[in-house]
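Values below: all heavy atoms of this structure, side chains included; hydrogens, waters and symmetry mates excluded. Atoms within a ligand are numbered from 1 in the order they appear, just like the ligands themselves.
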Amino acid sequence: MEKLKSRILQDGKCFPGGILKVDSFINHQMDPNLMMEVAKEFGRLFADAPINKVVTIEASGIAPAILVGYIMQLPVVFIKKKEPKTMENMLTAAVHSFTKDRTYTVCISADYLTSNDHVLFIDDFLANGNASTGVIELCRKAGAQIEGMGFIIEKAFQQGGETLRQLGIRYEALATVESLDNCEIKLR
Ligand code: G4P
């Protein structure tokens with residue numbers, strides 16, 4: 001998506017350790033016009049897939065996911081990163097965060113992810129694919145089918161894309177970062 005790519009080149013910042021900061025338009029301050037265009041693009045790319053639910057993970061996935069849900073007129077559920085005391089019929093999965101170097105339990109109510117669901121998973125970044133493998137685990141437990149995954153930005157130098165390809169999961173990224181070496185953003 002050309003508009004996204006030029007915004008990343010214009011406003012994205014490189015941090016040591018291969019981190020791309022997009023805090024001024026995605027991760028902290030958000031640009032609703034750009035986000036709406038992102039959502040429309042996901043809607044276009046997945047128009048042929050038999051999806052009945054959009055799933056994301058808090059926090060940064062929620063903004064694009066709700067707009068995708070609006071565009072596709074589908075319900076949106078977000079996976080929680082803290083186990084609520086009051087959640088009934090909870091499904092859980094362990095997710096290891098590479099960037100934060102800790103493992104945490106993510107959860108979703110089995111009331112909102114069931115064997116009737118055909119899921120489109122939306123998130124901001126595909127990096128090591130840890131969030132994605134957590135979602136795969138939750139869908140497996142629920143008996144839900146993953147029809148596709150959409151990421152705003154993929155970091156091609158980390159292994160998340162390879163993991164999803166090996167699992168045969170269809171995914172789309174709207175911008176792909178080839179390298180952040182020498183603090184220079186190189187997009188595909
Ligand atoms: P994953 O995203 O593929 O699961 O892999 P990883 O474990 O490496 O990522 C952990 C967290 O760091 C994720 O967010 C992910 O979106 C974010 N992340 C990974 N690489 C980058 C990057 O280059 N730039 C930015 N801005 N974020 C990156 P999270 O911890 O779940 O946070 P949030 O969704 O609550 O913001």
Looking only at distances, please establish whether an N/O atom of ligand 1 is found under 3.5 Å from an N/O atom of Gln158. no

Heavy-atom gap Gly160 to ligand 1 smaller than 4.0 Å: no

Is there a nitrogen or oxygen of Ala131 sitting under 3.5 Å from a nitrogen or oxygen of ligand 1? yes

Using distance alone, determine whether Ile57 and ligand 1 share an N or O pair under 3.5 Å. no

Atoms of ligand 1 under 4.0 Å from any heavy atom of Leu20, numbered from 1 in the order shown, are 22 (C), 23 (O), 24 (N), 25 (C), 26 (N)

Would a search of protein heavy atoms around atom 14 (O) of ligand 1 find one under 4.0 Å away? no

For atom 16 (O) of ligand 1, which of the options Tyr104, Phe125, Phe15 provides the nearest non-hydrogen atom? Phe125

Report the C-alpha distance between Asp31 and Arg7 in whole Å, list the side-chain angles of each, state the deciding distance to 0.1 Å, and finish with yes or no for side-chain contact (heavy atoms from CB on, under 4.5 Å). CA-CA 11 Å; Asp31 178 339; Arg7 189 65 178 272; 2.6 Å; yes

Above 12 or not: heavy atoms from other molecules or residues under 6.0 Å from OH of Tyr112? no

Would you say Thr56's side chain and Ile122's backbone share a donor-acceptor pair under 3.5 angstrom? yes

Students should be able to answer this: which protein heavy-atom is nearest to atom 11 (C) of ligand 1, and at what distance? Thr99 OG1, 3.3 Å

For atom 36 (O) of ligand 1, closest protein heavy-atom neighbour: Ser60 OG, 2.7 Å

Counting both backbone and side chain atoms, is some N or O of Ala127 under 3.5 Å from an N or O of ligand 1? yes

If the cut-off is 4.0 Å to any non-hydrogen atom of Asn130, which atoms of ligand 1 fall inside it? 1 (P), 3 (O), 4 (O), 5 (O), 6 (P), 7 (O)

Do any nitrogen or oxygen atoms of Lys81 lie less than 3.5 angstrom from nitrogen or oxygen atoms of ligand 1? yes

Looking only at distances, please establish whether an N/O atom of ligand 1 is found under 3.5 Å from an N/O atom of Val22. no

Asp23 and ligand 1 - part of the residue with a heavy-atom distance under 4.0 Å: neither

Taking atom CG of Asn182 as the centre, does the number of heavy atoms from other residues, nucleotides or ligands within less than 6.0 Å exceed 12? no

Mind running side chain to side chain donor-acceptor pair (under 3.5 Å) on Asn27 and Asp124 for me, showing each step along the way? CA-CA 8 Å; Asn27 286 133; Asp124 56 344; 2.8 Å; yes

Stepwise side-chain contact (heavy atoms from CB on, under 4.5 Å) test for Phe151 and Ser132: CA-CA 10 Å; Phe151 303 93; Ser132 304; 3.4 Å; yes

Could you tell me whether ligand 1 has any atom less than 4.0 Å away from a heavy atom of Asn27? yes

Looking at residues at least two apart in the chain, or sitting in another chain, which of them share a salt bridge (Lys or Arg N to Asp or Glu O under 4.0 Å) with Lys40? none

Among all protein heavy atoms, pick out the one at the shortest distance from atom 20 (N) of ligand 1; state its residue, atom name and that distance to 0.1 Å. Lys155 NZ, 2.8 Å

Just jot down the ligand 1 atoms closer than 4.0 angstrom to any heavy atom of Ser97, in number order. 7 (O), 10 (C)

Please report whether atom 22 (C) of ligand 1 has a protein non-hydrogen atom at a separation of less than 4.0 Å. yes

